[in-house]
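Heads up, the thing below is written out as structure tokens.
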Amino acid sequence: MKFRPLHDRVLVRRVEADEKTAGGIIIPDSAQEKPQEGEVVAAGPGTREDGAFVALDVKAGDKILFGKWSGTEVTVDGEELIIMKESDILGIVE
């Protein structure tokens, strides 16, 4: 199945969570927090504001940071992804 976000929505794949702390302690799955960093898989074309078309600032392949409670988790082709509005994105990691 192919998925194409509409308007100002973005499809994001979370990065893998660290399984160890900096000191080498292994964190069990039940205690791990979901990372707030991800990679843009697909982005919508943009939106209209006051009749003018406004393109998105992000594109597929960008690494981004987003809020802890941002977006809606969905499963596409057996993979867990997040759909969020561009306004939920805090920034692009370069």
Side-chain angles (χ1 to χ4, degrees):
M1 168 174 81
K2 291 193 126 199
F3 183 84
R4 183 175 52 103
L6 298 176
H7 309 293
D8 64 340
R9 290 184 174 74
V10 179
L11 187 65
V12 177
R13 176 184 302 120
R14 282 189 200 267
V15 297
E16 295 296 319
D18 289 334
E19 296 179 3
K20 289 185 180 181
T21 64
I25 298 172
I26 297 174
I27 304 170
D29 289 340
S30 60
Q32 289 181 3
E33 286 193 27
K34 292 184 178 180
Q36 297 174 23
E37 184 177 345
E39 178 183 355
V40 175
V41 176
T47 187
R48 293 201 178 273
E49 290 181 15
D50 298 326
F53 181 76
V54 179
L56 299 183
D57 290 329
V58 297
K59 61 187 179 309
D62 284 348
K63 296 220 183 286
I64 60 167
L65 295 176
F66 51 87
K68 189 171 193 169
W69 308 109
S70 298
T72 302
E73 293 184 357
V74 295
T75 302
V76 177
D77 290 336
E79 183 178 13
E80 289 188 22
L81 302 171
I82 305 168
I83 299 174
M84 65 180 68
K85 288 189 167 231
E86 185 186 36
S87 60
D88 291 338
I89 297 173
L90 303 176
I92 300 172
V93 179
E94 295 180 352

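For clarity, every value in this text was computed on a predicted model and none was experimentally measured.
Considering every non-hydrogen atom in both Gly38 and Val12, the closest pair reads CA-CG1, 3.9 Å. Nearest heavy atoms, Gly71 versus Asp88: N-OD2, 3.8 Å. Counting all heavy atoms, side chain and backbone alike, Glu37 lies closest to Phe66 at C-CE2, 3.7 Å. Minimum heavy-atom separation, Leu56 to Arg9: CD1-O, 4.2 Å. The nearest pair of heavy atoms linking Val41 to Ala60 is O-CB, 3.5 Å.
Note that the CD1 atom of Ile82 and the CD atom of Glu80 stand 9.0 Å from one another [nearest 0.5 Å]. Asp57 CG to Asp62 CG: the interatomic distance, rounded to the nearest 0.5 Å, is 9.5 Å. Rounding to the nearest 0.5 Å places CG of Leu81 at 10.5 Å from CD of Glu39. A distance of 6.5 Å separates NZ of Lys59 from CD1 of Ile92, quoted to the nearest 0.5 Å.
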Go through the steps for Phe3 and Ile83 under the test side chain to side chain contact (heavy atoms under 4.5 Å, CB included), then give the verdict. CA-CA 11 Å; Phe3 183 84; Ile83 299 174; 3.5 Å; yes
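Glu79 meets the side chain to side chain donor-acceptor pair (under 3.5 Å) test with Arg13; sequence neighbours excluded. The side chain to side chain donor-acceptor pair (under 3.5 Å) check on Asp8 picks up nothing, with sequence neighbours excluded.
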